[in-house]
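First up is the structure itself, then whatever we jot down about it.
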Amino acid sequence: MFFSNMIMPTMREFPSEAEAISHKLMLRAGYVRQLASGLYAYLPLGWRVICRINAIMRDEMNAIGAQEISLPVMHPAEIWQKTGRWYDIKEEMFRLKDRTGRDMCLGMTHEEIMTWLAARELKSYRNLPQMWYQIQTKLRDEARPKSGILRTREFLMKDSYSFDIDDEGLDKSYKLHTNAYHNIFRRCGLVFYQAESDTGMMGGAAAHEFMAPSPAGEDEIVICDKCDYTANVEVACSLAVSLKDLGWQHEEVHTPNKRTVKEVSSFLKIGPSYFIKSLLFILSDGPALVLLRGDQELHDKKLMKIIGSFRPASKDEVQSILGVEAGFIGPMSHAIRIIADVSLKEGTFVTGANKVDYHIKGITSGKDFSAEWHDLHVAKEGDMCPKCQNALKIDRVIEIGNIFKLGVKYSVPLNAVYLDANGQERPIIMGSYGIGPARIAAAAVEQNYDKDGIIWPKSIAPFDVEVIPLNVSDARTMEVAGQLYKNLTGSSLEVLFDDRDERPGVKFKDADLIGIPVHLIIGEKSLKDNMVEIKVRRTKEAHKVKLEDSISTIIKLVHDKSVL
RNA sequence: CGGGGCGUAGCGCAGCCUGGUAGCGCACACGGUUCGGGACCGUGGAGUCGGAGGUUCAAAUCCUCUCGCCCCGACCA
């Protein structure tokens, strides 16, 4: 491919609207252009990257026996109404009517449509198991598109679905996908984790997310270095570091106008972890007091799982239910449901005295209050691993893939059933598995760049090699460069030939910015000694090789799996 | 949806406070000199100043409304 024939609009400066590194670099290096918020055009370089990622995904999906199909992107409403998601999902779904007034929507994901197909075509246990996937456009009217191609309103997704006769079959399909996903992300050159995740609105029994560490990420995971525990903070459990019991006796302390843990803590010069934070919530069946340690944040979703939906009590409600104003609440002597974080089970604490302007020291569970014990807090850096007690790390990550055990959530409402060996009708057991190729690309950039530009992992770079003749008006240079280009292309490498009549500096800068892994530089001086220069983008190491050895050297470099 | 910021040439920006009819750098075109890490000189093309309304003799500049984009938060199937 000749540089002069391709549209690769590199820019000397970073466009100002970009914030994330991948966004800045992909704009500057001419990979993508923005049409509107969350809508991107992929230019030739960008599209090549996506295509290579797609090829890897196809390879690995096919390897586990999955079959590629293609489904419509526009769907009739009824099918989404049958599963209830037409109503559960709100503004995030693009909806429209066709000319006859029929309600339609644009697909955000394809569980419904895949299940519809399965319902029609999979009739017998003899048809199962099946795995179907597609690489298709999804549309979501995101509340806030951001970070370039990381979070867009229209995006490509590789989504696959498994159909099994029972949970055992689902386990197998899930495992196959897990392995395939590990292969895909590894082959794409990413650093990633597999984390336990929330099943969310997808429903189902188990779910994992594949997470690529990056400051541009929108999620956080907890990681234990010692054992294999890795989980999204949305579901992560952790143990609080236990406190030294200071053995306080009951003592009421005057804390005028000090309400928050922070205020009282600094006033009494006692660390926040020695406090009990008391929060009053209104549940569907009445009020409940929720207790956390002073250094903890309430994890809404964990609480929701225990008590269902809830809302914070108003000031008046706090007063009328507890007889004291917020800020001085303590868990003692209230005839009310109390749910407490397990970290409060042991130890002696400070808490509100149920009396304005007073707190009380020396409160212990069992003696002063009793409660239902649960993990209610948001896991944080330094908490201990629930499995092995090692200190946990927290890392910011990009979600690049997810896998869900759906069970019968879609097959039942859409009547996707099969007849088992006994002629019994049973719902198909499903799994769903997604990967965002654009996120892989963005994560790859986030994890591989330097001050000069992108450093693509070899496997997903838009080209394998960039041939750079330094002086295009030198006949010998161009003859050699042309021949090398031909030979490299002939060796099934993707080659970019910078045939522009530009100064060497410009070509070097653009080459570094674009980030093709290997550069082959042909300069007049070296050529006199029958030498050319081979440079590795990542290390910037350049060495001269004999002209006749250059092709084999490059082929070796490109195929060397040790350096992705 | 709440909070903040920004819309002036393809990109990056100045001009706005204090109204007087649009400018700089890069990019682009042409000529010349250059040529191993974003060269230099000269000439030139390119802008409904996001849009609408208003104030005024006069609006990029002041006022009102509106649209768009970015960031933080909420949301995220």
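Naming: A, B, ... by sequence-line order, numbering from 1 per chain.
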Between [X] ([atom1]) and [N] ([atom2]), how many Å, whole number?
X        : N      : atom1 : atom2 : result
A:His23  : B:rC11 : NE2   : C1'   : 14 Å
A:Leu470 : B:rG37 : CG    : C1'   : 10 Å
A:Glu502 : B:rA39 : CD    : P     : 9 Å
A:Lys509 : B:rA27 : NZ    : P     : 14 Å
A:Lys507 : B:rG36 : NZ    : C1'   : 12 Å
A:Met8   : B:rA27 : CE    : P     : 18 Å
A:Asp219 : B:rA74 : CG    : C1'   : 15 Å
A:Arg33  : B:rG10 : CZ    : P     : 13 Å

Could you identify the nucleotide paired to [N], looking across every strand shown and requiring Watson-Crick or G-U wobble geometry with both distances under 3.5 Å?
N      : value
B:rG53 : B:rC63
B:rG38 : none
B:rC6  : B:rG68
B:rU48 : none
B:rC1  : B:rG73
B:rC24 : B:rG12
B:rU43 : B:rA29

Under-3.5 Å donor-acceptor pair between [X] side chain and [N] base:
X        : N      : value
A:Glu533 : B:rG36 : yes
A:Asp452 : B:rG37 : no
A:Arg28  : B:rG10 : no

How are the rings of [X] and [Y] set to each other: parallel, tilted or perpendicular (split at 30° and 60°)?
X        : Y        : result
A:His23  : A:Tyr40  : perpendicular
A:Tyr181 : A:Tyr433 : perpendicular
A:Tyr485 : A:Phe497 : perpendicular
A:Trp80  : A:His75  : parallel

Gap in Å between the two [atom1] atoms, one belonging to [N] and one to [M], rounded:
N      : M      : atom1 : value
B:rA22 : B:rC40 : C1'   : 28 Å
B:rG47 : B:rG10 : P     : 9 Å
B:rU55 : B:rU64 : C1'   : 11 Å
B:rC72 : B:rC16 : P     : 31 Å
B:rC6  : B:rG12 : C1'   : 14 Å
B:rA39 : B:rC1  : P     : 48 Å
B:rC57 : B:rG19 : C1'   : 12 Å
B:rU21 : B:rC67 : P     : 33 Å

When all nucleic acid strands are considered with a 4.0 Å heavy-atom cut-off, which category describes [X]: base, sugar-phosphate, or nothing?
X        : result
A:Asp510 : base
A:Met108 : nothing
A:Thr83  : nothing
A:Ala36  : sugar-phosphate

Between [options], which one does the side chain of [X] approach most closely?
X        : options                : answer
A:Met11  : B:rC11, B:rC35, B:rG37 : B:rC11
A:Glu13  : B:rG25, B:rG38, B:rA74 : B:rG25
A:Pro15  : B:rC11, B:rG37, B:rC69 : B:rC11
A:Lys146 : B:rC71, B:rA39, B:rG36 : B:rC71

Respond yes when some side-chain nitrogen or oxygen of [X] is under 4.0 Å from OP1 or OP2 of [N], and no when none is.
X        : N      : result
A:Ser16  : B:rC70 : no
A:Arg144 : B:rC72 : yes
A:Arg12  : B:rC26 : no

task = Spell out, as yes or no, whether a donor-acceptor pair under 3.5 Å connects the side chain of A:Arg48 to the backbone of A:Phe463.
result = no

inquiry  = Measuring only between side-chain heavy atoms, which start at C-beta, is A:Met531 closer than 4.5 Å to A:Leu547?
reply    = no

note = By nearest-nucleotide position on RNA chain B, the 5'-leaning member of A:Met93 and A:Glu19 is A:Glu19

request  = Would you mind telling me which residue lines up with the more 5' stretch of RNA chain B, A:Glu142 or A:Glu17, judged by nearest nucleotide?
outcome  = A:Glu17

query = Shortest non-hydrogen contact from A:Pro312 to A:Glu317?
reply = O-OE1, 4.5 Å

task = For residues A:Val73 and A:Thr137, report the shortest heavy-atom separation together with the two atoms involved.
result = CG2-O, 3.4 Å

